[in-house]
Amino acid sequence: MSKISVLFVCLGNICRSPTAHAVFERKAQERGLASVIDVDSAGTGDWHLGAPPDRRATAAAAERGYDLSALRARQVTQADFNQFDYMLAMDSSNLSDLSKLAPQYSRTNLSLLLDYAPDSPVREVPDPYYGGNDGFARVLDMVEDACDSLLDHIETQIQE
Ligand code: 4NP
């Protein structure tokens with residue numbers, strides 16, 4: 001069985017995409033899919049390269065049992081477009097930046113993460129960086145919901 005690879009992308013790779021990375025990884029483990037799914041996260045920006053996730057994101061995730069402590073920020077590269085089956089942008093600005101960076105031909109499925117959450121009333125995971133702690137809990141709510149739906153989708157792909 002070939003592996004499915006997933007890259008979560010936000011702006012800084014210190015708040016939303018590391019959160020999605022850890023949530024998705026654990027949910028994949030819970031479904032017994034850890035050995036067939038590769039997960040990573042990256043940012044379109046380069047301000048935080050090598051930095052751990054934002055303290056507020058780490059704390060909010062820890063409250064729900066997710067461990068972000070080992071993650072370090074990196075920037076998206078053109079090679080990612082041929083290495084990952086799915087590249088999932090948190091907001092439209094991330095998606096637009098990724099579209100500009102994309103090589104002419106690539107194998108990835110580029111979309112918004114919330115495209116996989118059809119019941120979500122919004123299409124974007126909002127940037128919590130300049131807001132309060134409730135923004136981080138909201139990110140987790142949205143990401144948990146979308147990761148469940150994304151895993152449903154990927155399970156159907158694996159079975160094909
Ligand atoms: P993220 O949040 O894209 O979810 O990691 C941000 C982190 C840092 C900045 C902006 C957004 N920043 O401007 O440094």
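One-based numbering, in listed order, for ligands and for the atoms of each.
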Original post:
What is the minimum heavy-atom distance between R64 and E144, and which atoms define it?
Top reply: NH1-OE1, 2.8 Å
Original post:
Closest heavy-atom contact between Q75 and T44?
Top reply: NE2-O, 3.0 Å
Please produce the table of protein N or O atoms sitting under 3.5 Å from N or O atoms belonging to ligand 1, one pair a line, distance to 0.1 Å.
| residue | atom | partner | partner atom | Å |
| --- | --- | --- | --- | --- |
| ligand 1 | 2 (O) | D127 | OD1 | 3.3 |
| ligand 1 | 3 (O) | L11 | N | 2.9 |
| ligand 1 | 3 (O) | G12 | N | 2.8 |
| ligand 1 | 3 (O) | R16 | NH2 | 2.9 |
| ligand 1 | 4 (O) | R16 | N | 2.9 |
| ligand 1 | 4 (O) | R16 | NE | 2.8 |
| ligand 1 | 5 (O) | G12 | N | 3.4 |
| ligand 1 | 5 (O) | N13 | N | 3.3 |
| ligand 1 | 5 (O) | I14 | N | 3.0 |
| ligand 1 | 5 (O) | C15 | N | 2.9 |
| ligand 1 | 13 (O) | Y130 | OH | 3.4 |
| ligand 1 | 14 (O) | H48 | NE2 | 2.8 |

**OP:** Establish, from distance only, whether the side-chain atoms of N94 and D97 form a donor-acceptor pair under 3.5 Å.
**Re:** no
**OP:** Output the rest of the hydrophobic cluster of L68: all Ile, Leu, Val, Met, Phe, Trp and Tyr residues reachable through side-chain heavy-atom contacts under 4.5 Å, sorted by chain and number.
**Re:** L71
Subject >> Under-4.0 Å salt bridge between D85 and K3 >> reply: no
Original post:
Any chance the rings of Y116 and H153 have centres within less than 6.0 Å?
Top reply: yes
